[in-house]
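Positions are given from 1 along the sequence.
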Amino acid sequence: MAPSIDESNALFDFVVQKGNGVKGLVDNGIKMVPERYIQPPKERILIDKKIMNSNDDIDQLLVAIDLSKLHGPEHDQVVETITKAAETLGFFQVVNHGVTLELLESLKGAAHNFFAQPPMEKAVYLKEVSPSPLVKYGTSFVPEKEMALEWKDYVSMMYTNDDEAHAQWPPQCKDVALEYLKSSTKMVRILLEILFENLGVTLDEEKFESLTGLKMVNMNFYPSCPNPELTVGVGRHSDMGTLTVLLQDGIGGLYVKLEQDVEDEWIEIPPIPGALVINVGDTMQILSNGRYKSAEHRVRTTSSESRVSIPLFATPKPSEKIGPLPQLVESDGVAHYKQVLFGDYMKNFFGKAHEGKKSLDFAQNDDSA
């Protein structure tokens, strides 16, 4: 049975330490959001707030980019659309991306199947007890450091090789998740080649591997929420890696910040059937010396039904050093970021609660002003 919503320590033990997650609270019939999940007013997502002035940057979010046109007469136009999105919003959507619609539907089904298991079946993958260092099940982001918890459960699967994935990833989702990773990686290669060529840099096999050597597939589950106006599914943040490929279901709830220096200017990324969402990560912003923008984004909850999303994170290996590309420092005349070990960047990223794009401060070059 779920603890009293007034017993904060008992709730934390039930949700986090025993692995019941937010779904455990919902399955026990809570009628109102526990205080531990209530966000400060400035962090709440007002879904009735409208963006009054549309522009090209906003409009390109509403129409997916057809990657098949890269092989035809519209090649240059598609490339320009991709690079412009990376330079402004850091977000765009793609169709005809090489990942089959059947696979995408199977992936969503597998996510629902994993989280539909009894709590004890999922809890075997809790960080402290997981039989595999490649698989972690949990809730929120870093609950030990958060003033208000996020309304999300997740399972994270790190990729090393096919054999270990088949042997160690959860049986409910390993096959479809691995196929998703492999299909998406081909698309990531195409997109990175476009983005690097725009910077005047050739992306060879060694460079590609250095930027995407660590891959993780996450399955996120956002249970229906009795008070969605008080909570967030995921708080304001940017992703730490190179590129993220995201499959969202048809319910929606993903928001991106429009202006980096303007508060509360957000727009929802509308679900498009068959589309994948691509977003630029912090690593890409650092490598491009700030030309490409890692997008600040967040996720709302809903009272109507549970929602899933499945991101693939393509990141450097922890042993890789990341910093602005030398060619760009030379042309820009300044390095806006310093060279850092990606493992150190990861440790800093996962050591704090979500707080917008402040993770980039770790690599900021104080002399670049």
Side-chain angles (χ1 to χ4, degrees), residues 79 82-92 142 158-160 185 187-216 236-245 256-257 260-261 278-297 311-369:
V79 167
I82 291 170
T83 55
K84 182 179 179 182
E87 291 169 347
T88 53
L89 294 168
F91 257 93
F92 54 95
V142 281
M158 184 183 299
Y159 178 78
T160 49
T185 298
M187 174 187 56
V188 168
R189 174 66 183 262
I190 293 170
L191 294 174
L192 286 180
E193 285 178 346
I194 289 171
L195 293 173
F196 272 80
E197 184 176 337
N198 182 58
L199 298 174
V201 178
T202 300
L203 184 69
D204 57 24
E205 187 63 36
E206 182 180 1
K207 189 65 175 177
F208 176 72
E209 180 61 26
S210 73
L211 297 178
T212 63
L214 175 63
K215 301 179 185 70
M216 294 172 285
R236 301 177 296 111
H237 73 289
S238 55
D239 294 344
M240 65 176 180
T242 306
L243 282 184
T244 301
V245 179
V256 61
K257 192 174 183 182
Q260 303 298 327
D261 300 321
I278 310 297
N279 71 275
V280 175
D282 289 350
T283 295
M284 199 62 169
Q285 179 163 333
I286 293 168
L287 290 166
S288 68
N289 206 27
R291 295 192 193 182
Y292 296 138
K293 310 298 183 186
S294 62
E296 185 174 340
H297 55 288
L312 162 67
F313 301 104
T315 77
K317 291 182 178 179
S319 58
E320 289 288 337
K321 289 184 177 181
I322 60 172
L325 296 167
Q327 301 95 318
L328 301 182
V329 174
E330 182 178 356
S331 61
D332 294 345
V334 62
H336 295 297
Y337 303 95
K338 57 190 176 184
Q339 190 175 79
V340 297
L341 192 68
F342 187 70
D344 292 339
Y345 195 89
M346 285 181 65
K347 184 177 180 181
N348 177 73
F349 184 86
F350 286 113
K352 301 176 182 178
H354 284 142
E355 194 176 359
K357 293 186 63 170
K358 288 197 173 180
S359 55
L360 270 169
D361 291 348
F362 185 80
Q364 191 75 42
N365 191 341
D366 296 333
D367 299 328
S368 65

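Looking at Met240 and Met346, their side chains come closer than 4.5 Å, going by heavy atoms from C-beta outward. Proximity of Val245 to Thr185: side-chain heavy atoms (C-beta onward) are nowhere separated by under 4.5 Å. Contact annotation: the side chain of Ser294 never approaches that of Asp239 to less than 4.5 Å [non-hydrogen atoms, C-beta and beyond]. Contact of the Leu312 side chain with the Lys215 side chain is registered, since non-hydrogen atoms from C-beta on lie closer than 4.5 Å. The shortest side-chain heavy-atom distance between Tyr337 and Gln364 falls under the 4.5 Å cut-off. Taking the side chain as every heavy atom from C-beta outward, Asp282 and Phe362 never approach each other to under 4.5 Å. Side-chain atoms of Lys84 and Phe92, non-hydrogen and from C-beta on, never get closer than 4.5 Å to each other. At least one side-chain heavy atom of Thr83 sits less than 4.5 Å from a side-chain heavy atom of Ile194.
Of all heavy-atom pairs spanning Phe91 and Ala295, the tightest one is CD1-CB, 3.0 Å. When all heavy atoms of Arg236 and His354 are compared, the closest pair comes out as O-CB, 3.4 Å. Residues Ile286 and Ala363 approach most closely at CD1-CB, 3.7 Å, considering heavy atoms. When all heavy atoms of Ser238 and Phe349 are compared, the pair lying nearest together is O-CE1, 3.3 Å. When all heavy atoms of Pro318 and Leu214 are compared, the closest pair comes out as CD-CD2, 4.2 Å. Scanning both residues, Ala335 and Pro324, for their nearest heavy atoms gives CB-CG, 4.3 Å.
Going from atom CD of Glu87 over to atom OH of Tyr292 covers 5.5 Å, rounded to the nearest 0.5 Å. Taken to the nearest 0.5 Å, the CZ atom of Arg291 stands 11.5 Å off from the CE atom of Met284. From Phe342, atom CZ reaches atom OG1 of Thr283 across 4.0 Å, with rounding to the nearest 0.5 Å. Here CE of Met187 is found 8.5 Å from CG of Leu243. Values are rounded to the nearest 0.5 Å. The CG atom of Asn289 sits 8.5 Å away from atom CG of Leu325, with the distance rounded to the nearest 0.5 Å. The line from CG of Leu192 to CG of Leu203 is 6.0 Å long, rounded to the nearest 0.5 Å.
Evaluation of the ring-ring contact (aromatic ring centres under 6.0 Å, His included) rule for Phe196 yields no partner, not counting sequence neighbours.
For Gln327, the CD atom is densely surrounded, since the number of other residues' heavy atoms within 6.0 Å is greater than 12.
Classification of Glu193 and Lys207 as a salt-bridged pair fails, no side-chain N sitting under 4.0 Å from a carboxylate O.
Results of the side-chain contact (heavy atoms from CB on, under 4.5 Å) test with Val188 over Thr244, Leu211, Ile278, Thr212 single out Thr212 as the only residue that passes.
Between His297 and His237, the two ring planes are tilted [angle within 30° to 60°].
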Exercise. Please lay out, stage by stage, how Leu191 and Ile82 fare under the test side-chain contact (heavy atoms from CB on, under 4.5 Å).
Key: CA-CA 8 Å; Leu191 294 174; Ile82 291 170; 3.9 Å; yes

Quiz item: Checking side-chain contact (heavy atoms from CB on, under 4.5 Å) for the pair Gln285/Lys357: CA distance, chi angles, key distance, verdict?
Solution: CA-CA 11 Å; Gln285 179 163 333; Lys357 293 186 63 170; 2.8 Å; yes

